[in-house]
Amino acid sequence: MLYPLTEEQEMIREVARKIAEERIVPVRAELDEKEEFPRDILKEMAQADLFGIFIPEEYGGLGFGSFENCLAVEQIAWGCAGVATAFAASGLGAYPIVLFGNEEQKKKYLPQIASGERLAAFGLTEPDAGSDASAIKTTAVKDGDYYILNGTKQWITNAAEADIYTIIALTDKKKGARGASAFIVEKGDPGFSFGKKEKKMGIRASTTGELILEDCRIPKNRLIAREGMGYIIALKTLDYARPGVGALAVGLAQAALDEAVKYAKQRKQFGQPIINFQAVAHMLADMATQIEAARALTYTVCRYIDTKPKDFSKYAAMVKLFASDMAMKVTTDAVQVLGGCGYMKDFPVEKMMRDAKILQIYEGTNQIQRNVIARELSKEYK
Amino acid sequence: MKYIVCLKQVPETDKVKINPQTGTLIREGVKSIINPYDLYALEAALRMKDAYGGEIVVVSMGPPQAEEALREAIAYGADEAILLSDRAFAGADTLATSYTLAQAIKKIGDYDIVFCGKQAIDGDTAQVGPELAFRLGIPYATYVYKLEIRDGVLFVERNLDDGTQVLKLSLPALVTIVKEVGEIRVPSIRGKMRAKKAQISVWGGAEIEADPSKLGLNGSPTRVAEIFSPPPRGEKIILTGKPEECVKQLCEKLKEVIL
């Protein structure tokens with residue numbers, strides 16, 4: 001076995017795969033076409049315990065780590081990258097609480113997220129703060145036992161669908177990034193509403209939208225850690241989440257390869273299956289090799305993260321960068337292998353190619369990932 | 001509430017062939033699965049448990065390897081599993097099977113609803129459920145796809161050829177389940193972990209206080225005289241051409257056959 005798994009890891013993989021095969025693949029084209037949020041599928045995933053994989057047992061989860069979570073994300077993404085994004089985004093919303101929440105916050109929110117009863121989301125990006133996350137303008141002003149939040153968050157995955165949002169806002173505008181803090185905002189909080197739902201190129205089963213905070217009043221115990229910790233919490237959260245994008249990319253690319261090989265073996269031209277032509281066969285060989293390299297990197301880094309190292313930003317960025325570039329290339333090549341069929345919506349690879357593009361953009365563009373890696377290199381060689 | 005689900009491990013029949021010499025199934029190399037209708041029975045029980053609470057006990061009569069099917073049932077969400085396994089049970093027809101299951105269910109006791117699949121895909125008799133209800137002396141309904149408890153009474157909807165029938169049954173009762181009950185859930189990770197560690201009780205003839213003359217081959221009046229594959233159906237013809245021409249050709253063919 002190339003990647004030895006424990007019995008429990010094998011179970012997690014099997015459960016996620018079964019859901020992908022039986023529940024996701026049959027409806028993915030329809031979800032994509034209608035831009036429909038996969039409520040029923042997420043419910044089924046919740047019932048199968050997938051939302052609690054990395055949440056500690058004392059808070060209702062299964063108590064596994066990054067690696068196990070990535071095994072699940074990979075299989076769900078094999079079914080549909082849109083569904084996998086909705087799933088992984090709930091994990092992204094949960095990480096700030098898992099990593100920095102106090103006992104009371106963990107006890108209140110993590111069991112709800114682990115059971116899938118309530119979805120989570122993470123709100124950092126704003127119209128003027130994307131790659132430059134330190135440019136956020138949303139503010140949080142203390143008012144007795146409350147904080148009053150004002151601002152707009154943009155392109156938030158699971159917006160309006162999630163119940164629990166971890167939001168980064170400035171508690172001290174003068175300090176810039178050091179003046180940012182992280183808060184838990186719940187759907188239904190006064191002054192908290194949702195703006196327009198975006199229409200997207202890919203991952204259309206997932207919802208992307210605006211969070212609008214207008215004098216949004218929340219109790220002060222919703223502050224995560226301390227004032228001024230927001231930027232650190234956001235960066236750490238992204239460090240944990242980026243290998244998840246890697247796993248998503250690997251699952252998506254694997255699905256594209258599976259379709260491409262199947263097609264190349266059965267499509268005949270010039271009297272024989274097109275896989276017999278070296279031009280096609282070599283493309284498939286390269287696709288398979290690139291997927292395996294990305295998978296090996298993803299698994300290795302996830303296993304490393306689970307040893308609880310102090311800093312792994314560089315490796316997390318490498319996984320996200322390498323695997324998402326790989327997925328873009330592999331899905332594009334899969335469309336090429338399927339030729340005219342690949343371009344048609346009757347076959348699943350055109351959706352896969354559209355879905356792959358976002359992986360190079362979200363959770364930090366691949367240009368930002370290169371910055372992170374280069375910055376670490378510069379530190380290492382000083 | 002206590003629910004009992006009877007399930008049978010069967011060969012994946014679409015892959016089974018019959019040995020023409022002996023008339024028996026060639027089971028070598030064929031994967032064993034839970035009889036699909038029994039999985040729907042389990043799903044029906046799980047839905048009742050979701051709605052009304054309670055526990056699910058799964059029971060299977062079979063060789064020691066049927067334990068695998070019971071573990072799978074635990075992964076789906078069953079609470080307890082009992083394997084009825086004894087050399088004396090071998091060769092049972094539906095009469096002996098229903099006797100053995102009835103003895104076991106009496107021993108479990110204190111149950112509210114017994115769930116069976118409408119039939120097994122290997123024997124296809126659909127007899128064990130009703131026979132079991134008779135032996136337990138409880139009311140039953142077959143081909144059920146919807147269950148609901150109102151004021152301590154079980155209401156079921158059952159599929160009939162010409163419509164739907166709603167029946168009211170006093171508890172305890174037995175139902176046989178059809179696939180319209182709904183999609184079978186995916187086993188959970190916790191369920192799978194529990195299944196791996198679960199203790200599965202094994203009961204033989206002595207544990208269920210059975211009369212040996214009613215068990216297995218001894219208790220089975222059914223004798224299979226012969227098993228054979230049905231004769232192959234007639235040759236398939238595909239008509240090609242314009243629809244009107246095809247219809248014309250089809251009418252002529254039909255005339256040849258009917259007249």
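Basis for what follows: all heavy atoms, side chains included, without hydrogens, waters or symmetry-related copies. Within every chain, numbering begins at 1; the chains are lettered A, B, ... in the order of the sequence lines, protein sequences first and strands thereafter. Note that the coordinates shown come from a computational prediction; the quantities given were computed from them, not determined experimentally.
D49(A) places a side-chain N or O within donor-acceptor distance of the main-chain N or O of R190(B), the cut-off being under 3.5 Å.
With a 6.0 Å radius and a threshold of 12 heavy atoms from other residues, nucleotides or ligands, R39(A) has its CZ atom above the threshold. Within a 6.0 Å sphere centred on NZ of K49(B), heavy atoms belonging to other residues, nucleotides or ligands number more than 12. Atom CD of E68(B) has 12 or fewer heavy atoms from other residues, nucleotides or ligands within 6.0 Å. Counted within 6.0 Å of NZ on K106(A), heavy atoms from surrounding residues, nucleotides or ligands total more than 12; the atom is thus considered enclosed. No more than 12 heavy-atom neighbours from other residues, nucleotides or ligands sit within 6.0 angstrom of OH on Y140(B).
Inter-residue side-chain proximity for M11(A) and K196(B) is flagged as met; some heavy-atom pair is nearer than 4.5 Å.
In terms of non-hydrogen atom pairs under 4.5 Å with chain B, the most contact-rich of E7(A), E8(A), R23(A) is R23(A).
Rounded to the nearest 0.5 Å, atoms CZ (R185(B)) and CD1 (I19(A)) are 12.0 Å apart. Taking CD from E68(A) and CD1 from I189(B), the interatomic distance works out to 10.0 Å, rounded to the nearest 0.5 Å.
Looking at every heavy atom in both residues, V186(B) comes nearest to E44(A) through N-OE2, 3.2 Å. Heavy atoms only, all atoms of each residue included: A48(A) and P187(B) are closest at CB-O, 4.1 Å.
The pair E14(A)-K192(B) meets the salt-bridge criterion, with a side-chain N (NZ, NE, NH1 or NH2) lying under 4.0 Å from an Asp/Glu carboxylate O.
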